[in-house]
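This report concerns only the one structure given below.
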Amino acid sequence: MVNAIASKPQAVYIKNMDSHLTALNPMQRKAVEQLDGPVLVLAGAGTGKTRVLTARLAHLLISGKATPHQILAVTFTNKAAGEMRERVAKYVGSPVEGWWIGTFHSIAARILRRHAPLLDLKPTFTILGDDDQERLLKQIMQGRDIDTKKTPPRMVVDTISRWKDRVMTPGDLGPGDASDIADGKMREIYREYQERLKTLNACDFGDLILHCITLLRNQPDILAQYQRHFRYILVDEYQDTNLAQYLWLRLLAQGHQNICCVGDDDQSIYGWRGAEVGNILRFEEDYPGAEVIRLEENYRSTGHILGAASGLIAHNRGRLGKTLWAASHQDGEKIAVMSLWRGDEEVRFIADEMEKRRRTGDPWSRMAILLRTGYQTRAFEEHFLSRGIPHRVIGGMRFFERQEIRDAIAYLRVIAQPDDDMALLRIINLPKRGLGNTTVDDILQAARSSGQSLTQAIARLLGTDALRPKVKTTLASLMDDFARWRQLGAETTHLRLAETVLEESGYLAMWRAEKSPEAQGRLENLRELVSGAMAEFEDLPAFLEHVSLVMDTESRKGEDAASIMTLHGAKGLEFDTVFLPGWEEGLFPGQRTLDENGSAGLEEERRLAYVGITRARKRAFISHAGERYLFGSLTTPLPSRFLAELPEEHVSRKMSSFSPPRFGGYGERQKPEKPAQPKWSREWRERQNAAPAERPPAPKTISLRESEGGFGLGERVFHQKFGYGKVIGMDHDRLDISFEHAGRKKVLDSFVIPADEVGEGMFT
DNA sequence: CTCGGCAGAATTTTT
DNA sequence: TTCTGCCGAG
């Protein structure tokens, strides 16, 4: 049985026996060399965490304490796992295939497949993505007459996932749990959901860990095998583990307790999806005698950046406490805190600043805009597009989550696993075949009452008169198609198969027929799926397993482009120049977080701010606007409280001198005059005055244009809407301007500024 | 069954 | 503002 766990033993050739220890600082070296017993490595941002992790792995091998197969190394993301594999491969001459380096979920799935029958599953069980989960739950809810409008299935999915994170089965729920959701029927829904999963021979992501725990708890002999087998355990991003993952690790580490967890409590930003900072805070209690090693020497950022970040995070309670210090003795530039009048001005300011940096030789790829929410990206994207700034929006819709990709995969799933009902349901009427809700419900009904899968039920119904003739013909032909494709799959490559299926099913034709601009992109994605993603795998089953676990593909990299992404997406990355816009109350910290999670939520937001600042190597710009269009209406947010928490000695606060327009804009309906100072300016000042002495002074408005009419004939000016132009006439406060692109217009002088004040001149 | 129109909502995200 | 999902009409 133990041999079943390990794949075939391989010889390990070590390159450069000691190279993994050179160039480590004393603390890093300790973290690498302390191999036995529980170790917690508190690795602050930029302190060389990955390097320690891989060096430690190499050290285990070199010291002869373990063979590759006896080490379990767990990460959260495939990206992190991939990087670890890659780095380890540099130390070791053999390929790292078959090693136990992977994500929690992929390793759990691997264990689970070996013992599936013990959990009432077939080893071929499918892993449901969240859209499958959502559709399944929606079905269940509708079957129980629960209004899916009042209770969005998404919410139910999340609720169940959170329960699974906390290892709660339907039986563990008290009557009070989530009684406010779904008419208080959550417990029954959850129970039915689990039953349906079993029937479907499927697991969701939570189940992978949960079933594993059940297995290890109920089968002491199997647990003992794994405990013996994994002599050393390494865990990355420990602060992100949830209760289930924590227990899973505990089970495996019991006994030898050779577990090394690396993490940073200050970078715990996934509480909302079940991560328990408590796991890392409690480590020493959980593993008595644990060695705690702090990595505090930061190799990434300048002194000012670290000072500002440290000062901010110091406002959090309940942290283990670390003091980052800069390895370089350079303080660098202070963090620039920018107060701007309007959201669009903020966008323009950042674009200006980026272009300026670009002109001095900084590549775009070393600049990033980090945002609290996804929808904030749009404004930047649009502006960058119009200005020709190369950029990349990271995050967004991932490749395997795209509709067309999931559809195509559903076809392949039905071919590989005829009983995969979720997949069949997805494409049964796609492209439209006249198999609508009524028909599908009938079939579902029939399948459920006979305990068969959909495919089986359809086969049976085709032999009866239960179906309308038209429907019967359609279904028969669809089933014939699948039978033919399965046959084809045995004869040709999975790539060829995929092409044929997409073509013959009419799926490609469906998109070709659509005239929308996206349709073209969808076809390209499908081509990419076959020639790119699928081509990397041996056969269809291998590809499908990968797909169910991995929702990520590397989009084209290597091109020089600035990054636009959420703060969450930026964790683990670094850039020379980082822009952090939108630091406004309600947005960052987000209103909803505050409402729902109170001070714990606030602290997590603050950690997010900390993560953002510490992404910067050389400089950071933090900004907020006094007015911002949000969902179509104008808001006047206050500056984020985090701005006031930044230590004064590490920031320089600047304010836009661009006079706020008193009207909506040229040619538009005139709005009533605004107060001389925006709301945020006054209230912020009040807050500053009320605050203790160490609070920063209120930002000063220095050079609001003294008076109107300061323009001269022939002067080059800039207008927010019309761009650059030359003054060719004046009449009191009205200027006659010939714009370079917009032509000749008459505008109020308060709408334009001298062209040379655009960009750097905009601030004092 | 399909399509068009309208109402309502709109963090953060991995596996 | 923009997207989604639902309902009603054909």
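Given the structure is predicted, the values throughout are model-derived calculations rather than measurements. All chains are named by letter (A, B, ...) in the order of the sequence lines, taking the proteins before the strands, and each is independently numbered beginning at 1.
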Quiz item: Counting distance only, does the side-chain N/O of S106(A) pair as donor-acceptor with the main-chain N or O of T103(A) below 3.5 Å?
Solution: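 At least one qualifying donor-acceptor pair exists.
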Quiz item: Is it true that a side-chain atom of S640(A) and a backbone atom of F588(A) form a donor plus acceptor pair closer than 3.5 Å?
Solution: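 Yes; at least one donor-acceptor contact below 3.5 Å.
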Quiz item: Among dT15(B), dA10(B), dT13(B), which nucleotide sits nearest the side chain of W272(A)?
Solution: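 Of the candidates, dT13(B) comes closest.
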Quiz item: Does some side-chain heavy atom of P589(A) sit less than 4.5 Å from a side-chain heavy atom of R641(A)?
Solution: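 Yes; the side chains approach each other to less than 4.5 Å.
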Quiz item: Would you say the side chains of Q591(A) and D595(A) form a donor-acceptor pair under 3.5 Å?
Solution: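 Short answer, yes.
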Please report the distance, rounded to the nearest Å, between [atom1] in [X] and [atom2] in [N].
{"X": "M155(A)", "N": "dA9(B)", "atom1": "CE", "atom2": "C1'", "answer": "14 Å"}
{"X": "E605(A)", "N": "dT13(B)", "atom1": "CD", "atom2": "P", "answer": "12 Å"}
{"X": "L208(A)", "N": "dT15(B)", "atom1": "CG", "atom2": "P", "answer": "13 Å"}
{"X": "F76(A)", "N": "dT15(B)", "atom1": "CZ", "atom2": "C1'", "answer": "10 Å"}
{"X": "Q245(A)", "N": "dT14(B)", "atom1": "CD", "atom2": "P", "answer": "14 Å"}
{"X": "N597(A)", "N": "dT12(B)", "atom1": "CG", "atom2": "P", "answer": "15 Å"}
{"X": "F399(A)", "N": "dT15(B)", "atom1": "CZ", "atom2": "C1'", "answer": "18 Å"}
{"X": "D236(A)", "N": "dT15(B)", "atom1": "CG", "atom2": "C1'", "answer": "15 Å"}

Self-check item: Aromatic ring pairing H546(A)/F537(A), orientation class (parallel under 30°, perpendicular over 60°, tilted between)
Solution: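 H546(A) and F537(A): tilted rings.
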Assign [X] to base, sugar-phosphate, or nothing according to its heavy-atom contacts below 4.0 angstrom with the strands shown.
{"X": "G374(A)", "value": "sugar-phosphate"}
{"X": "R372(A)", "value": "base"}
{"X": "K138(A)", "value": "sugar-phosphate"}
{"X": "F104(A)", "value": "nothing"}

Quiz prompt | salt bridge (charged side-chain N to carboxylate O under 4.0 Å, His left out): pairs with one or both residues in residues 603-612 of chain A, sequence neighbours excluded | solution =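 Sorted pair list: R372(A)-E605(A), E604(A)-R607(A), R606(A)-E645(A).
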Test of ring centre spacing under 6.0 Å for [X] and [Y]:
{"X": "W272(A)", "Y": "H568(A)", "value": "yes"}
{"X": "Y270(A)", "Y": "F76(A)", "value": "no"}
{"X": "F642(A)", "Y": "H315(A)", "value": "no"}
{"X": "H115(A)", "Y": "Y226(A)", "value": "yes"}

Quiz item: Can you check whether F631(A) stacks with the dA10(B) base, using ring centres under 5.5 Å and planes within 30°?
Solution: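 So yes, this residue stacks on that base, both cut-offs being met.
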Quiz item: Are OP1 or OP2 of dT14(B) and a side-chain N or O of N78(A) less than 4.0 angstrom apart?
Solution: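 No.
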Quiz item: Is S106(A) near enough to dT15(B) that one of its side-chain N or O atoms lies under 4.0 angstrom from OP1 or OP2?
Solution: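 False: S106(A) side-chain N/O out of range (4.0 Å or more) of dT15(B) OP1/OP2.
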Quiz prompt | Position toward the 5' end of DNA chain B (nearest nucleotide), L567(A) or G632(A) | solution =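 Counting from the 5' end, the first nearest nucleotide belongs to G632(A).
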Between the protein and nucleotides 1-6 of chain B, list the N/O to N/O atom pairs that are separated by less than 3.5 angstrom.
residue	atom	partner	partner atom	Å
dC1(B)	OP1	G436(A)	N	2.2
dC1(B)	OP2	N437(A)	N	3.4
dC1(B)	OP2	T438(A)	OG1	3.0

Quiz item: What is the 5' to 3' range of DNA chain C, first to last nucleotide, that sits under 4.0 Å from any heavy atom of chain A?
Solution: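 The contacted stretch runs from dT1(C) to dC6(C).
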